[in-house]
Protein chains: 2
Amino acid sequence: MDKLNDSYLKECLQNSGCKITGPRKAVLQILEKYPDNHLSIDEIYEAVKKSYPKMGLATVYRTLALLENIGIVCKLDLDDGFSRYELYNPNETHRHHHLICSSCGSVSEVEEDLLDTLEKQILQKNKFLVKDHRVKFYGICEKCRA
Amino acid sequence: MDKLNDSYLKECLQNSGCKITGPRKAVLQILEKYPDNHLSIDEIYEAVKKSYPKMGLATVYRTLALLENIGIVCKLDLDDGFSRYELYNPNETHRHHHLICSSCGSVSEVEEDLLDTLEKQILQKNKFLVKDHRVKFYGICEKCRA
DNA sequence: GTTGGTGCAAAATCTTTGCATCTGG
DNA sequence: CCAGATGCAAAGATTTTGCACCAAC
């Protein structure tokens, strides 16, 4: 798993003419370690410092911007004023959706996409060719409904 | 139109025990004047100052937060680092979708909702009761595709 | 007259940038 | 070795807050 992603990271970075560095590996490692946690920049920074103590916050910003550019991670906005990131799942062609509970604040995910019909309609009616989307659903989660 | 919204604002504010003030009317007036412009805080501030010169920026922030709380306006995130607001359409039960062109940056709207099926599936599979959503589509607009 | 609202300036946050130093290839 | 990457601190940008004054009701 680690090896696999190391080589995936290596490939992506080298294709973009970038170096494979300690900070970059460390950031990716944290994102792999907490796949469903929607970590904020600061949370990533704090977590990385444990394995890579000399990490600087600016480098976290620069690294995540880079990883986003080359399509390894995706920025997330959960309306709390923090930039959050999660790994792209290489099997996804479109971004998955997030379910945000208005009661407890928990965030879960919908793997299914199911917007193809809507996107086709948008192409026909609005002549707009959809390439990707970001979808957030607000509501009440299972626990809070009980 | 102006009268009508004045009384709508009045009703909403009074129901929340808030006063009807010059700044609040001025902000709403600007949002009504530019219904499709997705104005940023600063754009609203600059526009309001023309009709209400002593307007302070902090009041724009406070007013929009208030109007959002009582359901008159809706915050928008167009990924450019600015908070933007638009009026809620009282006829909409759910938020409409935004089409963001990756080429020219233009933002247009899809009035249709069309997520009912998906939201029913989410209720069944995830036991999550959807109350509202935010949907952004990224792609290429009609002009840029030509 | 009270209570809440406003303007201003200062403070707090998050993010970006400049630059000397370090490091991967 | 050299171009690119990093760490640190300073600067930028947006948003929030404290407080004296003002205005709805």
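Given the structure is predicted, the values throughout are model-derived calculations rather than measurements. Both backbone and side-chain heavy atoms feed into the values below; hydrogens, waters and symmetry mates do not. In what follows, chains carry the letters A, B, and so on, assigned in the order in which the sequence lines appear, proteins first and then strands, with residues in each chain numbered from 1.
Annotation: the span from Arg62(A) atom CZ to Arg24(A) atom CZ amounts to 10.0 Å, rounded to 0.5 Å.
No salt bridge links Lys75(B) with Glu86(B); every basic N to acidic carboxylate O contact stays at or beyond 4.0 Å. Using a cutoff of 4.0 Å between basic side-chain nitrogens and carboxylate oxygens, Asp77(A) and Lys136(A) are scored as salt-bridged.
Taking 4.0 angstrom as the limit, Lys54(B) places a side-chain polar atom (N or O) nearer than this to OP1 or OP2 of dA23(D).
Each end of the helix from dG1(C)-dC25(D) to dG25(C)-dC1(D) gets its own axis, taken as the rotation carrying the C1' atoms of four end pairs onto the next four within a five-pair window, and the two axes meet at 40° to the nearest 10 degrees.
Within 4.0 Å of Arg24(B), counting heavy atoms only, lie sugar-phosphate atoms of the nucleic acid but no base atom. Tyr45(A) comes within 4.0 angstrom of nothing in the nucleic acid, heavy atoms only.
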- prompt: Can you check side chain to side chain contact (heavy atoms under 4.5 Å, CB included) on Leu87(B) and Asn89(B), steps first, answer last?
  reply: CA-CA 6 Å; Leu87(B) 283 174; Asn89(B) 180 342; over 6 Å; no
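A 4.5 Å side-chain heavy-atom check between Tyr85(A) and Glu68(A) finds at least one atom pair inside the cut-off. Contact annotation: the side chain of Gln121(A) approaches that of Leu114(B) to within less than 4.5 Å [non-hydrogen atoms, C-beta and beyond]. Inter-residue side-chain proximity for Lys49(A) and Lys54(A) is flagged as unmet; no heavy-atom pair is nearer than 4.5 Å. Taking 4.5 Å as the limit, every side-chain heavy atom of Gln124(A) sits out of range of all side-chain heavy atoms of Glu119(A).
One interatomic measurement links the two molecules: OH of Tyr85(B) to C1' of dT14(D), which rounds to 12 Å at whole-angstrom precision. Rounded to an integer number of Å, the gap from NZ of Lys19(A) to P of dC1(D) is 15 Å. One can place OH of Tyr52(B) at 13 Å from P of dC22(D), the figure rounded to the nearest angstrom. Atoms CG (Leu57(B)) and C1' (dT16(D)) sit 11 Å apart, rounded to a whole Å.
Of the residues near DNA chain C, Gly17(B) and Arg62(B), the one whose nearest nucleotide (by heavy atom distance) lies more toward the 5' end is Gly17(B). If Phe82(B) and Leu66(A) are placed on DNA chain D by their nearest nucleotide, the residue sitting closer to the 5' end is Leu66(A). Nearest-nucleotide positions on DNA chain D place Ser83(B) closer to the 5' end than the other of Thr21(B) and Ser83(B). Taking for each of Val60(B) and Tyr61(A) the nucleotide of DNA chain C with the nearest heavy atom, the 5'-most of the two is the partner of Val60(B).
Protein chain A touches strand DNA chain C; the 5'-most and 3'-most nucleotides with an atom under 4.0 angstrom of its non-hydrogen atoms are dC14(C) to dG25(C).
Relative to the six-membered ring of Tyr138(A), Arg95(B) misses at least one condition, a distance below 6.0 Å or an angle of at most 45° to the axis.
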